Number of protein chains: 2
Amino acid sequence: MGKVAERRARTIDAIVAAAVDVMGETGAAGLSLGEVARRVGMRTPSLYGYFASRSALCDEIFRRGWMSYRDDIVAGAGLSPDTDVVAFLSDLLTAAVDWANSHRAHAELMFWRPIPHWQPSPEAFEPAIEVLADAIASFARAKDLGLLRHDVDVDEVAQAWAVLVAGVISQQLSNEPGVAAADGRASRHAAALAAMFVAHYGRHSREDTP
Amino acid sequence: MGKVAERRARTIDAIVAAAVDVMGETGAAGLSLGEVARRVGMRTPSLYGYFASRSALCDEIFRRGWMSYRDDIVAGAGLSPDTDVVAFLSDLLTAAVDWANSHRAHAELMFWRPIPHWQPSPEAFEPAIEVLADAIASFARAKDLGLLRHDVDVDEVAQAWAVLVAGVISQQLSNEPGVAAADGRASRHAAALAAMFVAHYGRHSREDTP
DNA sequence: GTCTATATCCTGATAGAC
DNA sequence: GTCTATCAGGATATAGAC
């Protein structure tokens, strides 16, 4: 990458960072290009040299959000035949809530639809699809390892899991922000949901009569 | 109620209805008082005779949303000792998604936080608290009827249920709207989630060893 | 009780000079 | 590559006439 391209990439990063800050403070719909420009030391029109429109900026934040979520949450998930599935999923859920708390702007765009007349473009959607595919693959591996019922439909399992994630993150974002998920109440909450999930889809379920 | 008060109440209803329409078309954050005034045949300043501010209008929609949700979803729920709990909860979940679909504006305000610098006032919150209390009471009754595990904490059960509701509604609202929940896919979805819920909290759970 | 008029400020976006 | 200048319009809210 040449020097100009590098400098350009840094500027783009700065713009995105400022936009994320504004969204974090006011809610995603409170994004204003004027405020973003002010924070990066530009005038509003200069932003258009880096982003075609306000929507394109939202697209980029959405895209980076899913990439960050994948790297921070999904990637570290290692399964082995003697994984404690309840503890594993409980930790995953807690991590997701913590992530949403510290990436409020991204999370709003990813799990809600807060901006009038904006929806993610197909290109911006790609990392999101990747995350879903990863989740399905993980559940399939868990099934192969004997951690899940032998007769489950992994697509159904992944969808149920997605509902749980969307539910806890939505509740977190719509309640006072910044309240850590790692305190006692939230941890027990996550553990209960994980236990519920495993009661139905886990190997020891009563439907599992070999 | 006197004639003037009646007329006033009708006008308020018309304003709220117009605001709900606008929000439904553009997303809750797209609410504009000018557009509302146009639709009810007023000028913008006249609205201030009925609502102190844009936020007050949001408050009222939020409040009416929870009241409508209570009347449409929670109220009809009759439990008897031989209720099929999975079917019961599956229907409840499907009804909640249908309700959110046909009350998009209310649902966005209730389950998300889409409007910059607005959060529901304590007074607007009252019906929401009522719904939660009703849910807890219902789960307590279900427990007494022997439909749930004898050792469950009803508060935990209600919270887990709230996560499921928030999850399915969030997913519905952030996907293309208007897609009915009653089609085959969504129904199976709801049934799977209800089965999961009952696997853990229902009477026949494996933890339930009298 | 509703209006006109206005205050004040912001928005996203474009054209073209430097 | 960033700026000034500007467009064309929007927003919420208030004051005061009718």
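None of these values were measured; they are calculated from a predicted model. Every chain is numbered from 1 and lettered A, B, ... according to where its sequence line falls, protein lines coming before strand lines.
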Quiz item: Should E126(A) and R63(A) be marked as a salt bridge (Lys or Arg N to Asp or Glu O under 4.0 Å) after you check the CA-CA gap, both sets of side-chain angles, and the distance that decides it?
Solution: CA-CA 8 Å; E126(A) 275 167 25; R63(A) 206 182 61 83; over 6 Å; no
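- Residues from residues 27-61 of chain B placing a heavy atom under 4.0 Å of any atom in DNA chain D, listed by number, are L31(B), S32(B), L33(B), G34(B), P45(B), Y48(B), S53(B), R54(B).
- The one candidate from Y69(A), F125(A), F111(A), W112(A) that meets the ring pair (Phe, Tyr, Trp, His ring centres under 6.0 Å) condition with F62(A) is F125(A).
- Heavy atoms from other residues, nucleotides or ligands lying under 6.0 Å from CD of E35(B) number more than 12.
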Practice problem: In sequence, state the C-alpha distance, the side-chain angles, and the governing distance for D153(B) and R188(A), and then conclude on salt bridge (Lys or Arg N to Asp or Glu O under 4.0 Å). | Solution: CA-CA 12 Å; D153(B) 171 6; R188(A) 263 180 285 123; over 6 Å; no
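- Atom NZ of K3(B) is separated from atom C1' of dG1(C) by 18 Å (rounded to the nearest Å).
- A salt bridge does not link E6(B) to K3(B): none of the charged nitrogens lies less than 4.0 Å from a carboxylate oxygen.
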